[in-house]
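Some notes on the structure that comes next.
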Amino acid sequence: MKTPQTLDELMQRCRALAGFTLGQLAAELGHAVPVHLKQDKGWAGQLLEQALGATAGSKAEPDFPELGVELKTLPIDQHGKPLESTYVCVAPLTGINQQLWQDSWVCQKLSLVLWLPLLAERSIPVSDRVIGTGFLWQPDSKEQQLLQQDWEELMELIALGGIDQIRGAHGQVLQLRPKAANSRALTAAIGEAGQPVQALPRGFYLKTSFTQQLLRKAFG
DNA sequence: ATTTGATCATGT
DNA sequence: ACATGATCAAAT
């Protein structure tokens with residue numbers, strides 16, 4: 001699938017996918033559908049990336065570098081409520097002295113997002129899950145402010161060696177949670193006395209209450 | 001070992 | 001019922 005050259009082209013392709021099931025799309029692209037996503041958690045996201053012509057793969061780049069667009073699938077229930085928090089990016093745990101919000105990965109990744117809702121209740125077989133209507137989002141000033149506030153608070157805790165005090169509840173819209181192969185994985189971090197230590201890798205996630213607001217803004 | 005794509009599953 | 005903490009696979 002060739003990468004879209006313009007935003008309009010991307011949105012047209014996205015609209016063309018609405019209403020199809022994952023099974024139908026997988027068949028068109030020649031993919032087998034897993035029975036469940038337990039051992040294939042990123043399957044739907046990667047299928048949609050391919051369908052829309054994303055190029056980045058696992059590189060630390062936006063999905064559509066030329067357009068500056070990040071693609072995020074958003075699993076929802078039949079009432080349009082998000083089923084999961086949304087992973088944004090890994091959290092840097094060292095070498096983060098006085099980084100500015102505007103320069104952060106979180107800010108850059110969320111500057112322009114193509115949200116693609118997916119009716120994905122666990123009771124629905126993977127193959128029958130329905131692709132929804134994608135919509136483009138840029139944080140408004142209020143959203144930007146909430147994100148920046150949470151980010152600054154979390155990054156300060158990390159920089160001051162407070163990473164082990166941080167749990168998922170520590171933010172209004174943005175949270176820090178483990179992002180690792182398992183709970184024994186380790187990466188470099190800053191200890192309580194400012195010394196180098198090893199800690200569980202973390203990532204930034206958007207809370208479901210936040211993404212639900214985005215859906216409400218887009219669809220009422 | 002890290003970042004991408006996330007969802008699973010247990011505790012509250 | 002829900003969020004937090006835990007986990008899985010592919011690409012690099």
Side-chain angles (χ1 to χ4, degrees), chain A residues 1 3 22 25-26 29 31-65 69-96 104-106 108-110 113-127 129 131 134 150 154 157 163-189 196 198-213:
Chain A
M1 205 70 57
T3 189
L22 292 181
L25 183 58
L29 297 177
H31 288 277
V33 180
V35 173
H36 54 63
L37 301 182
K38 183 174 179 178
Q39 285 155 289
D40 226 335
K41 297 181 179 181
W43 181 81
Q46 286 155 356
L47 187 73
L48 271 312
E49 279 186 346
Q50 185 186 341
L52 291 173
T55 54
S58 282
K59 295 194 289 275
E61 273 186 9
D63 294 302
F64 302 94
V69 171
E70 175 71 18
L71 175 68
K72 287 290 177 197
T73 59
L74 184 56
I76 58 173
D77 68 14
Q78 57 184 325
H79 305 297
K81 185 173 184 179
L83 293 167
E84 293 287 347
S85 54
T86 301
Y87 170 68
V88 179
C89 62
V90 293
L93 302 184
T94 65
I96 49 183
S104 70
W105 292 352
V106 177
Q108 291 177 23
K109 282 233 171 192
L110 297 183
V113 178
L114 174 53
W115 292 101
L116 193 43
L118 192 58
L119 182 59
E121 290 176 53
R122 290 190 199 184
S123 60
I124 305 174
V126 175
S127 181
R129 297 182 184 178
I131 301 165
D150 283 348
L154 291 166
L157 276 165
I163 188 164
D164 287 332
Q165 305 168 31
I166 303 176
R167 40 266 295 90
H170 241 104
Q172 297 302 299
V173 298
L174 192 67
Q175 61 183 177
L176 196 73
R177 301 228 305 279
K179 175 60 171 165
N182 55 60
S183 60
R184 282 141 263 137
L186 293 173
T187 193
Q198 293 289 106
L200 183 61
R202 316 297 167 98
F204 287 109
Y205 296 75
L206 296 175
K207 295 188 158 197
T208 54
S209 54
F210 184 73
T211 48
Q212 177 152 33
Q213 287 303 106

- request: Select one nucleotide: of B:dG5, B:dC8, B:dT4, the one nearest the side-chain heavy atoms of A:Glu49.
  value: B:dG5
Spatial distance of atom CG (A:Leu93) from atom CG (A:Leu176) [nearest 0.5 Å]: 7.5 Å
field: Nucleotide nearest A:Tyr87 (side chain, heavy atoms from C-beta), chosen from B:dC8, C:dA6, B:dG5
entry: B:dG5
message: Check this one for me: any side-chain N or O of A:Thr73 less than 4.0 Å away from OP1 or OP2 of B:dA6?
response: yes
query: Which nucleotide, B:dA9, B:dT4, C:dA6, lies nearest any side-chain atom of A:Lys38?
result: B:dA9
- request: May I ask you to verify if any side-chain N or O of A:Lys81 is less than 4.0 angstrom from the OP1 or OP2 atom of C:dA1?
  value: no
query: Between B:dT2, C:dT4, B:dA6, which nucleotide has the shortest distance from any of its atoms to the side chain of A:Thr187?
result: B:dT2
field: A:Gln46 CD to C:dT12 P, straight-line distance once rounded to whole Å
entry: 11 Å
- line: Among B:dA9, C:dT4, C:dA9, the one nearest any side-chain atom of A:Ala169 is C:dT4
Given B:dT7, B:dA9, C:dT7, the nucleotide with the shortest approach to the side chain of A:Pro75: B:dT7
- prompt: Is A:Lys179 touching bases, backbone alone, or none of the nucleic acid, heavy atoms closer than 4.0 Å?
  reply: base
query: Taking the side chain of A:Pro178 as heavy atoms from C-beta outward, which of B:dG5, C:dT4, C:dA6 is closest to it?
result: C:dA6
